[in-house]
Amino acid sequence: MSQSVCGTSRIVGFRFSLYPMSDQFVDVIKGALGETNTSKVWLKTDDISTCIRGKAVHVFDVAKAVYLHAAKTGLHVVLNGSFSIGCPGDSDGDSYMSVDDECMNEAALSHIKIEAPTQFALYPMNDSRYMDLIAEAIEIAKEKETISGGIHYASRLDGDAHEVFSTLEQSFTATQEKVSHVTMTVNIAANSPSRKKV
């Protein structure tokens with residue numbers, strides 16, 4: 001079976017919006033972005049969302065850092081966004097693909113322990129094996145013991161934020177090794193007053 005190629009760029013993008021449930025939302029959003037080391041990704045924020053682009057290892061590092069800096073305030077926050085690789089319209093022109101793989105935020109955040117209830121959906125694009133590939137991603141989550149069930153239009157992850165983000169990164173990375181164009185949507189909460197008991 002031949003594999004359809006959507007785009008040749010292997011730059012990863014993540015477009016997200018951060019929602020602090022507080023009248024101090026501006027300070028929380030700006031604070032989370034300001035505390036995060038974004039030196040190894042391309043970043044642009046507008047009035048709706050923020051987009052980061054670069055090597056997968058750094059895109060996931062920055063995504064986790066933004067989430068943790070917002071979550072450590074103790075406020076109820078939600079990070080909602082989409083990861084993508086192989087988009088036909090993407091290019092390496094403004095990417096940071098030549099930087100090394102040393103994560104810039106991990107050391108500063110490794111001590112922060114926050115539960116990260118998450119809904120995610122994986123979309124291997126233009127590939128008839130998509131259900132098998134999604135099942136493989138669920139197996140990764142099972143091995144990491146973060147999967148807590150299927151829900152309508154998504155799968156549920158629960159656990160420490162570091163393990164949840166590791167699950168997301170491994171699932172996304174493993175899928176993109178087999179499919180040219182992959183997207184993954186995530187909805188990650190913290191400190192919810194109505195948090196599900198697992």
Side-chain angles (χ1 to χ4, degrees), residues 5-18 32-45 49-72 79-87 89-114 116 118 120-125 133-134 136-141 143-147 157 159-188 190:
V5 176
C6 295
T8 58
S9 170
R10 300 325 283 163
I11 186 172
V12 172
F14 181 48
R15 181 169 291 282
F16 67 93
S17 294
L18 184 65
L33 289 169
E35 286 185 84
T36 299
N37 186 325
T38 60
S39 61
K40 291 185 178 179
V41 297
W42 177 92
L43 180 146
K44 184 174 178 63
T45 298
S49 62
T50 295
C51 182
I52 53 178
R53 301 167 72 246
K55 294 174 84 170
V57 63
H58 298 308
V59 170
F60 278 92
D61 175 61
V62 168
K64 182 172 74 172
V66 170
Y67 167 83
L68 283 174
H69 283 307
K72 74 182 183 183
L79 179 73
N80 181 273
S82 297
F83 292 90
S84 180
I85 189 170
C87 177
D90 221 335
S91 71
D92 290 335
D94 56 357
S95 69
Y96 283 50
M97 299 300 283
S98 62
V99 298
D100 63 38
D101 288 348
E102 181 185 358
C103 293
M104 303 305 292
N105 294 285
E106 187 61 33
L109 298 172
S110 60
H111 68 286
I112 300 176
K113 303 300 180 189
I114 292 174
T118 298
F120 84 107
L122 184 68
Y123 300 96
M125 309 295 281
L133 294 166
I134 293 169
E136 289 174 13
I138 297 302
E139 285 302 313
I140 291 172
E143 289 171 10
K144 297 188 76 62
E145 300 182 344
T146 53
I147 191 76
L157 302 176
D160 177 75
H162 298 281
E163 287 301 308
V164 168
F165 272 89
S166 177
T167 301
L168 295 171
E169 183 174 0
Q170 287 186 33
S171 298
F172 183 84
T173 301
T175 305
Q176 68 86 32
E177 289 174 354
K178 299 173 182 176
V179 181
S180 175
H181 187 188
V182 180
T183 61
M184 182 175 71
T185 61
V186 296
N187 203 23
I188 312 172

Peer 1: Can you sort out the partners of E136 under side-chain hydrogen bond (donor to acceptor under 3.5 Å, both in side chains), two or more places apart, ordered by chain and number?
Peer 2: K178
Peer 1: I need the minimum non-hydrogen distance between A116 and V164, along with the two atoms involved.
Peer 2: O-CG2, 3.7 Å
Peer 1: With sequence neighbours left out, what residues match E102 under side chain to side chain contact (heavy atoms under 4.5 Å, CB included)?
Peer 2: K40, D100
Peer 1: So which atom in A137 and which in S171 form the shortest heavy-atom distance, rounded to 0.1 Å?
Peer 2: O-OG, 3.6 Å
Peer 1: Heavy-atom count check: over 12 atoms from other residues, nucleotides or ligands less than 6.0 Å from E106 CD?
Peer 2: yes
Peer 1: Can you name the side-chain hydrogen bond (donor to acceptor under 3.5 Å, both in side chains) partners of E35, sequence neighbours left out?
Peer 2: K72
Peer 1: Do F165 and Y67 have side chains that get closer than 4.5 Å, going by heavy atoms?
Peer 2: yes
Peer 1: Compare every heavy atom of S84 with every heavy atom of H181, then report the nearest pair and how far apart it is.
Peer 2: NE2-OG, 3.8 Å
Peer 1: Do S39 and Y96 touch side chain to side chain, with heavy atoms closer than 4.5 Å?
Peer 2: no
Peer 1: Residues two or more places apart in sequence or in another chain: which of them pass side-chain hydrogen bond (donor to acceptor under 3.5 Å, both in side chains) with K55?
Peer 2: D101
Peer 1: With L33 as reference, evaluate T50, V62, T38 under the side chain to side chain contact (heavy atoms under 4.5 Å, CB included) test and give the passing residue.
Peer 2: T50
Peer 1: Do any N or O atoms from the side chain of H69 and from the backbone of G34 form a donor-acceptor pair under 3.5 angstrom?
Peer 2: no
Peer 1: Considering all heavy atoms of both residues, which atom of I52 and which atom of A63 are nearest to each other, and what is their separation?
Peer 2: CD1-N, 4.1 Å
Peer 1: For D160 and K113, indicate whether the former's side chain and the latter's backbone hold a donor-acceptor pair under 3.5 Å.
Peer 2: no
Peer 1: For R10 and G86, work out which heavy atoms get closest and say how close.
Peer 2: NH1-CA, 3.6 Å
Peer 1: Which residues pass the side-chain hydrogen bond (donor to acceptor under 3.5 Å, both in side chains) test with N187, sequence neighbours left out?
Peer 2: N80
Peer 1: Working to the nearest 0.5 angstrom, can you tell me the gap between I138 CD1 and L122 CG?
Peer 2: 8.5 Å
Peer 1: How many angstroms lie between atom OG1 of T167 and atom CD1 of I140, to the nearest 0.5 angstrom?
Peer 2: 8.5 Å
Peer 1: If you define the side chain from C-beta out and look only at heavy atoms, does anything of M184 sit under 4.5 Å from L168?
Peer 2: yes
Peer 1: Take M125 and T183 through the test side chain to side chain contact (heavy atoms under 4.5 Å, CB included) and record every step on the way to the result.
Peer 2: CA-CA 7 Å; M125 309 295 281; T183 61; 4.0 Å; yes
Peer 1: To the nearest 0.5 Å, tell me how far I188 CD1 sits from L79 CG.
Peer 2: 5.0 Å
Peer 1: Which heavy atom of V59 sits nearest to which heavy atom of V41, and what is that distance?
Peer 2: N-CG1, 4.1 Å
Peer 1: Kindly compute the distance separating OG1 (T45) from CZ (F16), expressed to the nearest 0.5 Å.
Peer 2: 6.5 Å
Peer 1: Quick one: pull up CD in E169 and CG in D61 and give me the separation to the nearest 0.5 Å.
Peer 2: 8.5 Å
Peer 1: Between OG1 of T175 and CD1 of I85, what distance do you get to the nearest 0.5 Å?
Peer 2: 10.5 Å
Peer 1: Would you please name every residue forming a ring-ring contact (aromatic ring centres under 6.0 Å, His included) with F60, sequence neighbours left out?
Peer 2: F83, F172
